[in-house]
Amino acid sequence: MRTCRAAAAGKLTMMLVTLTLLAACGASGPSPRAWAASVCSALTPWRAEISKLTSSTNEQMTAQTTPAQAKENLVRLFGGAEQASEDARRKVEQAGVPKVEQGKEISAGFRASLASMRDAYGRAGTTIDALSTGEASAFYDGVRAAVDVLQQEYDASALDTSRLNSEELKRAFDEVPECR
């Protein structure tokens, strides 16, 4: 009788330890505030780079430069935006998964959105790099077309938060100083 109780107690103890370990694994990850701070810290330099890109692209489209100079500058600018998007995506990945309901989906959504933006900038740079600079008007028409496609892809890559609502994260993004 004692052996059955001891064996049952041993199994119960092992089951409790296993459940505790599984619960601890599921609860790992940064708090909503820590995650929001990390994400905003990753996105702040990215936003600055994208803002600079937008201004520089507009300047290149109206500047008195040769098509070859404009091409070189635009390819470099889009390459910088591509790299900035990848840097931000990697930092969001390093932020981990926030301890909130749907944390994995929310984190994955941020990363996927940044990856799509990165890829859009890369494609725009590649498209412009392939343009001939022999005829200025044809070159600038090609640049405008590449920028139009970039804008469409950029808009399509925006994070859809309609299904990923977390009141904890909304509050955290509103409260942490890194997001202001």
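Counting begins at 1 with the first residue of the sequence.
Considering only residues two or more places apart in sequence or on other chains, E49 meets the salt bridge (Lys or Arg N to Asp or Glu O under 4.0 Å) condition with K52. Under the rule for a salt bridge (Lys or Arg N to Asp or Glu O under 4.0 Å), R111 has no partner lying at least two apart in sequence or in another chain. A search for side chain to side chain donor-acceptor pair (under 3.5 Å) contacts involving D155 returns Q151, not counting sequence neighbours.
Taking the six-membered ring where tryptophan is involved, the planes of F110 and W35 are perpendicular, since the angle between them exceeds 60° and thus also 30°.
Within 6.0 Å of the CD atom in E101, the count of heavy atoms belonging to other residues, nucleotides or ligands does not exceed 12.
What you find for P30 and A95 is that their closest heavy atoms are CG-O, 3.2 Å. Shown here for V147 and F78, the closest heavy-atom pair between the two residues is CG2-CZ, 4.2 Å. Residues G142 and L131 share a closest heavy-atom pair of C-CD1, 3.6 Å. Contact record, K99 with G29: CE-O, 2.9 Å, taken as the closest heavy-atom pair. When all heavy atoms are compared, the tightest approach of S157 to S116 is CB-CB, 3.3 Å. Nearest approach of A70 to F139, heavy atoms of both residues: CB-CE2, 4.0 Å.
Between the side chains of D148 and Q152, no donor N or O sits under 3.5 Å from an acceptor N or O.
Transitive grouping of hydrophobic side chains (ILVMFWY, heavy atoms separated by less than 4.5 Å) brings F173 and L43 into a common cluster.
Side chain of S41 to main chain of A37: a donor-acceptor pair is present (N/O by atom type, distance under 3.5 Å, no hydrogens or angles). Proximity of a side-chain donor or acceptor of N73 to a complementary backbone N or O of Q69 within less than 3.5 Å is detected.
For the atom pair CG (D87) and CZ (R118), the distance works out to 11.0 Å, reported to the nearest 0.5 Å. Here the straight-line distance linking atom CD1 of I128 with atom OG1 of T133 works out to 13.0 Å at 0.5 Å rounding. One distance of note links NZ of K71 with OG1 of T65; it measures 13.0 Å at 0.5 Å rounding. The CZ atom of R180 sits 10.5 Å away from atom SG of C40, with the distance rounded to the nearest 0.5 Å. From S85, atom OG reaches atom CD1 of I50 across 4.5 Å, with rounding to the nearest 0.5 Å.
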Exercise. Stepwise, does the salt bridge (charged side-chain N to carboxylate O under 4.0 Å, His left out) test hold for E86 with R89?
Worked result: CA-CA 5 Å; E86 173 55 21; R89 188 207 61 77; 2.8 Å; yes
For this session: Could you give me the CA-CA distance, side-chain angles and deciding distance for E167 and K170, then say whether side-chain contact (heavy atoms from CB on, under 4.5 Å) is met?
Result: CA-CA 5 Å; E167 288 303 318; K170 286 180 189 176; 3.5 Å; yes
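Remark: R171 does not engage D174 in a salt bridge, criterion side-chain N to carboxylate O under 4.0 Å.
For the pair T127/V149, no side-chain contact is recorded, criterion being any heavy-atom separation below 4.5 Å from C-beta on. Between W46 and L114 the shortest side-chain heavy-atom distance falls below 4.5 Å.
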